[in-house]
Amino acid sequence: MTALDRLPGFRDFYPEPLPTPDAWSADLRQHVFDVWRQTSRRYGFREYDGPPLEPLELYTQKSGAEIVSQLFNFTDKGDREVSLRPEMTPTVARMVAAAERAYKKPIKWFSMPQLFRYEKQQKGRLREHFQLNCDIFGEVSTGADAEIVALLIDVLRGFGLTSEDFVIRLSSRTAWQQFFEQAGGNPTQAYDFYQVVDKLDREPSEVSGPKLQALGIQPETVQKFLLEGTPNSELASVLENLRARGLGDFVRVDYGIIRGLAYYTGIVFEAFDRKGEFRAIAGGGRYDGLVRQVSGGKLDLPALGFGMGDVVLAELLKARGKVPAFTSGVDAVVLIEDEALRSESLAVVQRLRDAGHAVDYSLVPQKADKQFKRAQELGARSTVRLESTPEGLRARIKQLSTRQERLVPADQVSL
Ligand code: HAM
């Protein structure tokens, strides 16, 4: 018989303490979710979710070549072409298009879906990941772009990261579009041009140069535009907005960012660690045409947002010592040293749990010192032990950090 293993690029999440140093931590995942959720709520975002399986068409038409080549797609038993979701943006655009009348604008929503992409497994890239998505619908002003970038910064600050740990590289597809058209590019080929720019730092100039020339663009002019990095008016206004919040140190203009996905139309951005050791932590931008596409032309609603994955984030938090110490979360262990008192002890366990405390105890008879050792291993704050006294049944509650003890009637036990 062979032992069964998980699929490549998928993860098991174990509770701490971890069985091996490279295992994924369920506690760290919960911490990440907590910070994501709390920070999104502080910015007035509401949580939504959608289906993990969607019609294939939702992605083949909207997302762009790279993501489509990475789809986990198949034909279901009803002969439908379907795909696991590789990203959340087409789903949320569809949901907003279907229900926008029920909501006041701007719509500010967040979600934390698990996403699936058939990528080559490598550092920072797996075949599934969790991704915080924060999006705003119904606002054209750059105040919304600044708000989204500020939220991204504050999510990362929520993990204890500072402007020395990460930077948001801000860019603008509007600026690139103007550049392309002024340089004589054919507007219908703009996305082909963006894809060449997107790969400039990964492809040698012998590959990218001819591609640019084929689009009617001189490579030197692209280099000059990149080097100058002069903010256009929308970028200038976002920078001013962020500076007013004291968040100016977290961003810089970098036209090297253009984003691979097809639907972006305006400001785009990515978050990176300052040392440049990791892949992008997050990416996003404005996508003003997607709701119209998804609604079959029925509704036009400007939109923008970002996605932040948990994989690179966890790697960065580990590397910068920002992973908190996790405990079992047990408040008290009820020690059953006298088996004759097991029933009464169970009543105490139940009473404490009803009061909202996390309580553990030995399921089977066990030596007193073993039970106490287990309480220490679990990091319990207190132990509770029943004793028969001439006055009746008493509970001895011991606080483990101070060793202070109190004796109370068994039916009045509280922590
Ligand atoms: P994306 O750049 O494809 O954007 O993904 C956003 C983030 O998700 C990346 O920066 C990375 O942290 C993480 N990520 C992506 N693929 C993987 C993977 N295979 N393994 C681990 N992490 C990964 C989008 O998905 C857009 N839909 C984001 C967005 C929302 N734009 C507007 N609203």
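Note that the structure is a prediction, hence the values are computed from the model and not measured. Order of appearance sets the numbers: ligands from 1, and atoms from 1 within every ligand. Counting from 1, the numbers follow the sequence of the chain as shown. Worth knowing before you read on, the calculation uses all heavy atoms, side chains too, and leaves out hydrogens, waters and symmetry mates.
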Quiz item: Quick one: does Glu128 get a heavy atom under 4.0 Å from ligand 1?
Solution: no

Quiz item: Going by heavy atoms, is Asp310 under 4.0 Å from ligand 1?
Solution: no

Practice problem: Taking atom CZ of Arg403 as the centre, report whether more than 12 heavy atoms of other residues, nucleotides or ligands fall under 6.0 Å from it. | Solution: no

Quiz item: Is any side-chain heavy atom of Arg117 less than 4.5 Å from a side-chain heavy atom of Glu128?
Solution: no

Quiz item: Within 45 degrees of the axis of the six-membered ring of Trp109 and under 6.0 Å from its centre: does Arg46 put its NZ or CZ there?
Solution: no

Quiz prompt | Nearest-contact summary for atom 5 (O) of ligand 1 - protein heavy atom, Å | solution = Gln131 NE2, 3.2 Å

Quiz item: For atom 20 (N) of ligand 1, what is the nearest protein heavy atom, given as residue, atom name and distance?
Solution: Leu126 N, 3.0 Å

Quiz prompt | Taking atom 12 (O) of ligand 1 as the reference point, the nearest protein heavy atom with its distance | solution = Ile281 O, 2.9 Å

Quiz item: Among protein heavy atoms, which lies nearest atom 31 (N) of ligand 1, and at what distance?
Solution: Tyr264 OH, 2.7 Å

Quiz item: Where is the nearest protein heavy atom to atom 19 (N) of ligand 1: which residue, which atom, and how far?
Solution: Glu119 OE2, 2.6 Å

Practice problem: List the steps, then state whether side-chain contact (heavy atoms from CB on, under 4.5 Å) holds for Phe180 with Gln189. | Solution: CA-CA 9 Å; Phe180 183 63; Gln189 293 183 309; 4.2 Å; yes

Quiz item: What do you reckon, does Gly124 put a non-hydrogen atom under 4.0 Å from ligand 1?
Solution: yes

Quiz item: Does NZ or CZ of Arg169 lie under 6.0 Å from the centre of the six-membered ring of Phe272, at an angle within 45° of the ring axis?
Solution: yes

Exercise. Using the six-membered ring of Tyr43, assess whether NZ or CZ of Lys108 lies under 6.0 Å from its centre and within 45 degrees of the ring axis.
Key: no

Practice problem: Taking only Lys NZ, Arg NE, NH1 and NH2, and the carboxylate oxygens of Asp or Glu, determine whether Glu234 and Arg286 approach each other closer than 4.0 Å. | Solution: no

Exercise. Please work out which of Arg259, Gln122, Met88, Arg117 has its closest non-hydrogen atom nearest to atom 4 (O) of ligand 1.
Key: Arg259

Quiz item: Got an N/O contact under 3.5 Å between Leu261 and ligand 1?
Solution: no

Exercise. Could you check atom 33 (N) of ligand 1 against the protein and tell me its nearest heavy-atom contact, residue, atom and distance included?
Key: Asp135 OD2, 2.8 Å

Quiz item: Does ligand 1 have any atom sitting under 4.0 Å from a heavy atom of Phe116?
Solution: no

Quiz item: Would the number of heavy atoms belonging to other residues, nucleotides or ligands and lying under 6.0 Å from OH of Tyr118 be above 12?
Solution: no

Quiz prompt | Ring centres under 6.0 angstrom apart (Tyr287, Tyr263) | solution = yes

Self-check item: Nitrogen or oxygen of Asn133 less than 3.5 angstrom from that of ligand 1
Solution: no

Quiz item: Is there any N or O on Ala280 that sits under 3.5 Å from an N or O of ligand 1?
Solution: yes

Self-check item: ligand 1 versus Phe278: contacting region, heavy-atom distance under 4.0 Å
Solution: neither

Practice problem: Please work out whether any backbone atom (N, CA, C, O) or any side-chain heavy atom from C-beta onward of Tyr287 is under 4.0 Å from ligand 1, and answer side chain, backbone, both or neither. | Solution: side chain

